[in-house]
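Reading through the structure tokens given below for one structure.
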Amino acid sequence: MKFYNTNNKNEIADLSTAIVQGMPKDKGLYMPCSLPKVSFLSSVKKMSLQEISLEIAKSFLDEDLSNAQIEEIVEKSVNFPAPVVDIGGGISSLELFHGPTLAFKDFGARFMSRLLRELGKNLDKEITIVVATSGDTGSAVANGFLGVEGIRVVILYPSGKVSPLQEKQLTTLGQNITALEVSGDFDSCQALAKSALSDVELAESMQISSANSINIGRLIPQSFYYFGAFSQIQQDSFWVSIPSGNFGNLTACVFAKAMGLPVEKIVASCNANDVVPRYLFSGNYDPKSTIHTIASAMDVGNPSNVGRLFDFYDNDVSKFRCDLEGIAFDDATARSAIRDVYDNLGYLMDTHGAFAYLGLKNLLPQGKYGVFAETAHPAKFLEEVESIIGEKVEIPERLADYAKREKVAIPMSTDYSEFKQFLLEL
């Protein structure tokens with residue numbers, strides 16, 4: 001498959017370049033030259049998530065990798081479920097937290113680590129993955145790439161702005177994983193990562209790539225579970241509500257819809273970082289500084305993947321509105337939703353899923369059916385969730401194990417020259 005640069009559509013890259021390079025040197029984003037149309041929709045209700053994933057992966061990768069390579073990538077990365085759980089009123093939760101780090105980003109990170117390993121076999125340089133995180137991306141990438149030969153990972157995370165358990169997941173693995181604790185917010189971390197990816201001098205001395213959703217390799221596997229959700233429901237079409245931060249997860253759903261998934265509307269459910277809902281309302285795109293909330297993964301003031309959405313919808317807000325709805329809520333409303341759904345429906349949401357639930361609750365037309373993405377296990381935000389429901393939350397053993405480990409992180413400023421020097425000395 002070929003990919004073009006959103007800043008220069010005449011610049012075409014093959015799969016290896018798009019994935020290994022991560023992003024074009026001019027800080028554009030790679031987009032598929034064409035999105036494949038799925039051929040299995042009539043039989044999808046009988047298919048497993050892994051079978052669905054394999055069919056979609058082949059449609060993106062079969063020009064570049066053998067069937068055996070693609071099968072191995074899917075088998076080793078999509079080996080946990082994404083169940084749809086009915087919570088009543090035409091609303092269900094799509095639980096994306098059953099992977100090793102209990103977050104939806106396990107799908108993209110594990111798939112991408114294995115894809116990069118295949119694509120990197122012919123390179124003469126070690127690949128250095130630079131990833132910015134507000135919590136879950138870093139832990140999923142660290143777990144997915146841990147011990148992978150020929151790849152090292154540098155994680156940038158904002159000091160004091162991830163949950164304690166998330167921080168332990170980022171900073172306790174060692175081996176080929178290095179964590180940098182940045183004295184800024186997620187946008188500062190993302191700016192450092194983007195600058196490194198577009199640095200010509202760095203590119204001469206090292207093979208640098210990204211595992212953030214700026215890398216198109218993250219979005220391909222994130223389309224899998226939307227088809228997986230449809231395979232589990234009885235309806236012929238549905239709404240999807242997504243807690244949105246950097247908008248990679250939502251962009252993957254937009255791709256799925258374009259590939260043939262019968263999604264009626266996609267809801268961009270946001271917290272106080274509401275640049276996209278404001279754009280959908282006014283037609284004016286006006287990024288703001290990041291606001292810290294109880295949903296740290298959504299704390300992105302200037303989302304990278306909006307660039308892909310602008311490209312996909314031809315910079316036309318009316319085209320955006322055909323597919324997307326946008327809505328934002330404050331922390332108090334999200335806390336109330338977590339408590340009410342737990343008390344009245346017996347279902348415990350995390351702080352991100354609560355925003356997605358509210359998006360459906362407020363926008364889903366009567367008689368329609370929708371699923372919201374529950375993107376992380378509630379125990380990852382233990383202190384906040386326990387304070388909301390007034391009860392102890394059981395911590396899965398694989399998460400509790402991180403709490404016993406010692407944090408190892410290197411302090412880093414937001415000055416790019418300091419970060420660049422660190423990379424050059426690795």
Side-chain angles (χ1 to χ4, degrees), residues 1-37 56-65 70 73 77 105 107-109 111-120 122-123 125 127-132 137 141 144-145 151 190-200 202-203 206-224 245-259 300 302-315:
M1 176 169 281
K2 297 294 189 289
F3 302 84
Y4 66 85
N5 176 1
T6 55
N7 284 349
N8 177 8
K9 293 192 177 184
N10 293 320
E11 180 186 329
I12 305 298
D14 60 15
L15 177 74
S16 182
T17 300
I19 302 300
V20 175
Q21 187 173 302
M23 65 183 291
K25 295 304 180 185
D26 63 0
K27 297 188 180 182
L29 295 165
Y30 284 119
M31 284 281 282
C33 288
S34 62
L35 284 166
K37 293 289 185 179
I56 298 172
K58 284 180 178 178
S59 70
F60 278 95
L61 307 179
D62 64 0
E63 292 178 9
D64 304 272
L65 300 176
I70 299 170
I73 290 169
S77 58
K105 293 176 181 180
F107 285 94
F111 184 92
M112 193 175 159
S113 69
R114 286 149 180 84
L115 177 58
L116 260 177
R117 183 171 58 187
E118 291 298 322
L119 296 174
N122 298 322
L123 298 177
K125 294 180 183 177
I127 298 175
T128 299
I129 302 292
V130 175
V131 58
T137 294
V141 168
F145 284 89
I151 297 177
Q190 185 167 252
L192 291 174
K194 284 184 173 181
S195 294
L197 287 164
S198 60
D199 191 310
V200 176
L202 269 183
M206 63 196 307
Q207 181 63 62
I208 192 165
S209 186
S210 171
N212 280 99
S213 59
I214 55 176
N215 192 316
I216 193 67
R218 272 276 306 278
L219 302 192
I220 294 170
Q222 287 180 217
S223 69
F224 300 166
N246 211 24
F247 278 77
N249 207 8
L250 185 140
T251 302
C253 191
V254 169
F255 284 2
K257 188 176 190 301
M259 292 160 64
V300 184
N302 190 13
S304 290
N305 281 287
V306 170
R308 284 193 171 103
L309 295 174
F310 277 125
D311 179 86
F312 186 84
Y313 292 116
D314 300 322
N315 293 287

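Numbering of residues begins at 1 and proceeds along the displayed sequence. This one's a predicted model, so the numbers in the text were calculated from it and none came from an experiment.
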Run Tyr4 and Lys2 through side-chain contact (heavy atoms from CB on, under 4.5 Å) and show every step you take. CA-CA 7 Å; Tyr4 66 85; Lys2 297 294 189 289; over 6 Å; no
Full working for side-chain contact (heavy atoms from CB on, under 4.5 Å) between Tyr30 and Thr17: CA-CA 10 Å; Tyr30 284 119; Thr17 300; 4.1 Å; yes
CD (Gln207) and CG (Leu202) are apart, to the nearest 0.5 Å, by 11.5 Å
d(Asp14 CG, Gln21 CD) to nearest 0.5 Å is 10.0 Å
Do the side chain of [X] and the main chain of [Y] share a donor and acceptor less than 3.5 angstrom apart?
{"X": "Arg218", "Y": "Ala211", "result": "yes"}
{"X": "Ser209", "Y": "Ile19", "result": "yes"}
{"X": "Ser113", "Y": "Gly144", "result": "yes"}
{"X": "Lys37", "Y": "Ala258", "result": "yes"}

Distance-minimising heavy-atom pair for [X] and [Y]:
{"X": "Gly28", "Y": "Met23", "answer": "O-CE, 3.5 Å"}
{"X": "Lys25", "Y": "Ala203", "answer": "NZ-CB, 3.7 Å"}
{"X": "Ser210", "Y": "Met112", "answer": "O-CE, 2.7 Å"}
{"X": "Asn305", "Y": "Ser213", "answer": "ND2-OG, 2.7 Å"}
{"X": "Ser304", "Y": "Lys194", "answer": "OG-NZ, 2.9 Å"}
{"X": "Leu115", "Y": "Ile73", "answer": "CA-CD1, 4.0 Å"}

Once side-chain contact (heavy atoms from CB on, under 4.5 Å) is applied, do any residues pair with [X], and if so which ones, sequence neighbours excluded?
{"X": "Leu29", "value": "Thr6, Ile214, Arg308"}
{"X": "Ser223", "value": "Ile56, Ala256"}
{"X": "Ala132", "value": "Phe186, Cys189, Gln190, Ala193, Asn212"}
{"X": "Asp26", "value": "Asn5, Asn7, Pro24"}

Are [X] and [Y] close enough that some pair of their side-chain heavy atoms sits under 4.5 Å apart?
{"X": "Met1", "Y": "Leu15", "result": "no"}
{"X": "Leu250", "Y": "Leu309", "result": "yes"}
{"X": "Lys9", "Y": "Asp311", "result": "yes"}
{"X": "Phe255", "Y": "Ile216", "result": "yes"}
{"X": "Ile127", "Y": "Phe145", "result": "no"}

The ring-ring contact (aromatic ring centres under 6.0 Å, His included) partners of Phe224 (sequence neighbours excluded) come to Phe111
Note to self: Assess the residue pair Lys27 and Ser195 against the criterion (side-chain contact (heavy atoms from CB on, under 4.5 Å)); give the C-alpha distance rounded to whole Å, side-chain angles, the decisive distance to 0.1 Å, and a yes or no.
What the structure shows: CA-CA 8 Å; Lys27 297 188 180 182; Ser195 294; 3.7 Å; yes
Note to self: The test is side-chain contact (heavy atoms from CB on, under 4.5 Å); show your working for Ile208 and Asp199 and say whether it passes.
What the structure shows: CA-CA 10 Å; Ile208 192 165; Asp199 191 310; over 6 Å; no
Applying salt bridge (charged side-chain N to carboxylate O under 4.0 Å, His left out) to Asp64 and not counting sequence neighbours gives none
